[in-house]
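Notes for the one structure printed next.
Note that the structure is a prediction, hence the values are computed from the model and not measured. Letters go in sequence order (proteins before strands), and every chain restarts at 1.
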Amino acid sequence: AQTVTQSQPEMSVQEAETVTLSCTYDTSESDYYLFWYKQPPSRQMILVIRQEAYKQQNATENRFSVNFQKAAKSFSLKISDSQLGDAAMYFCAYRRGSGNTPLVFGKGTRLSVIA
Amino acid sequence: GAVVSQHPSWVICKSGTSVKIECRSLDFQATTMFWYRQFPKQSLMLMATSNEGSKATYEQGVEKDKFLINHASLTLSTLTVTSAHPEDSSFYICSARRSSNQPQHFGDGTRLSIL
């Protein structure tokens, strides 16, 4: 079974600074996807960034980027120029590439942004 | 973008009643829908995977007679919590996907409170 581990229950960052959220996963598959989702207090699930395992290049979306280390099975999220609106729960998620498989989530990291 | 509508957003009912939650994909046909449960300050836990026209696949530990899932069309799945009790109080989130290589889109969730 695939597992996703987020070892940081809580993190904080000063506004305008950079923060990195950690995620590791365990799988025997070679074809899979990795995601970071943001869940603000409204509890809506918002896709932040997605990475295909076959792509060596790290995904980026504006201020959000990932460090995908396939051999180490690590998928960290870097948030640059942190804003107050970035405060939320962040979930790392894994999905097998083939078949009718769901997202498997880590336990989440609560990010606080300090003004 | 793909929109998933979940209704109701919040429901309060007495113990012993049954509650139905609807999940609709508004602008795409969802071959697969997923139902998650989220306890306060915890991650999303997959309850079941639902494919249009077939029986849902439940995760281990989820009572299929307690949580009835129907996916009668490509745009609608329902979750019925039967004979609800206070321990069923939780946040329920549905998610829909067009096909296996497409992203999973989330509804805004339903907060269920059983008195």
Side-chain angles (χ1 to χ4, degrees), chain A residues 1-11 21-25 29 31-55 59 61 87-112, chain B residues 1-6 8-10 23 30-62 69 71 77 90-113:
Chain A
Q2 292 81 23
T3 58
V4 178
T5 302
Q6 293 179 251
S7 58
Q8 306 153 316
E10 296 183 357
M11 291 282 285
L21 308 185
S22 301
C23 173
T24 59
Y25 59 96
E29 303 286 334
D31 179 24
Y32 54 89
Y33 300 92
L34 296 164
F35 305 82
W36 278 97
Y37 279 87
K38 171 185 178 181
Q39 189 181 43
S42 66
R43 304 190 81 168
Q44 183 184 17
M45 293 295 286
I46 301 167
L47 177 63
V48 175
I49 202 163
R50 157 185 164 138
Q51 174 82 44
E52 291 88 346
Y54 65 85
K55 289 187 177 178
E61 285 289 340
M89 280 291 289
Y90 286 82
F91 293 101
C92 180
Y94 162 99
R95 182 167 74 82
R96 205 171 70 196
S98 61
N100 201 16
T101 54
L103 287 168
V104 176
F105 289 92
K107 293 190 177 217
T109 297
R110 181 172 300 279
L111 178 66
S112 302
Chain B
V3 177
V4 175
S5 173
Q6 191 172 337
S9 57
W10 195 0
C23 180
T31 57
T32 307
M33 288 186 172
F34 305 93
W35 287 94
Y36 291 85
R37 182 174 182 176
Q38 186 179 29
F39 290 104
K41 297 185 179 181
Q42 293 190 24
S43 187
L44 281 72
M45 181 185 73
L46 180 68
M47 298 175 67
T49 300
S50 159
N51 291 297
E52 185 266 338
S54 62
K55 290 184 178 180
T57 302
Y58 289 81
E59 294 299 300
Q60 192 173 13
V62 178
I69 292 172
H71 192 164
S77 176
S90 191
F91 191 67
Y92 294 87
I93 308 176
C94 76
S95 179
R97 191 164 72 202
R98 183 182 285 113
S99 60
S100 63
N101 62 350
Q102 294 294 311
Q104 222 169 291
H105 302 282
F106 287 85
D108 287 345
T110 297
R111 186 188 305 273
L112 175 62
S113 298

Nearest heavy-atom neighbours spanning B:Y36 and A:L103 |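 Of all heavy-atom pairs spanning B:Y36 and A:L103, the closest is OH-O, 3.0 Å.
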Determine the minimum heavy-atom distance between B:Q102 and A:R50, stating which atoms define it.
->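 Minimum heavy-atom contact is C-NH1, 4.4 Å.
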Straight-line distance of A:Q39 CD to B:F91 CZ, nearest 0.5 Å |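 If we round to the nearest 0.5 Å, A:Q39:CD and B:F91:CZ are 6.5 Å apart.
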Measure the OG1-CZ distance between A:T101 and B:R97 for me, rounded to the nearest 0.5 Å.
->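 With rounding to 0.5 Å, OG1 (A:T101) is 5.5 Å from CZ (B:R97).
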Name the option with the most non-hydrogen atom pairs under 4.5 Å to chain B; the candidates are A:R43, A:K107, A:Q44.
->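 Highest number of pairs under 4.5 Å: A:R43.
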Could you have a look at A:R95, A:Q6, A:M89 and say which one has the most heavy-atom pairs with chain B under 4.5 angstrom?
->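 Looking at each option in turn, the highest pair count goes to A:R95.
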Heavy-atom distances under 4.5 Å only: say whether A:F91 touches chain B with side chain, backbone, both or neither.
->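 For A:F91, side-chain heavy atoms alone lie under 4.5 Å from chain B.
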Which answer fits A:F35, side chain, backbone, both or neither, if we ask what part of it has an atom under 4.5 Å from a heavy atom of chain B?
->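 Contact with chain B involves no heavy atom of A:F35 at all.
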Under 3.5 Å: donor-acceptor pair, side chain of B:S43, backbone of A:G108 =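 Looks like no, no N/O pair under 3.5 Å.
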Looking at side-chain heavy atoms only, is the closest gap between B:Q38 and A:M45 below 4.5 Å?
->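 No. Closest side-chain heavy atoms not under 4.5 Å.
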Chain A contact via B:Q42 - which portion, at a heavy-atom distance below 4.5 Å =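 Just the backbone, heavy atoms under 4.5 Å.
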Relative to chain A, which segment of B:L44 carries a heavy atom at a distance below 4.5 Å: side chain, backbone, both, or neither?
->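 Contact with chain A: backbone and side chain both.
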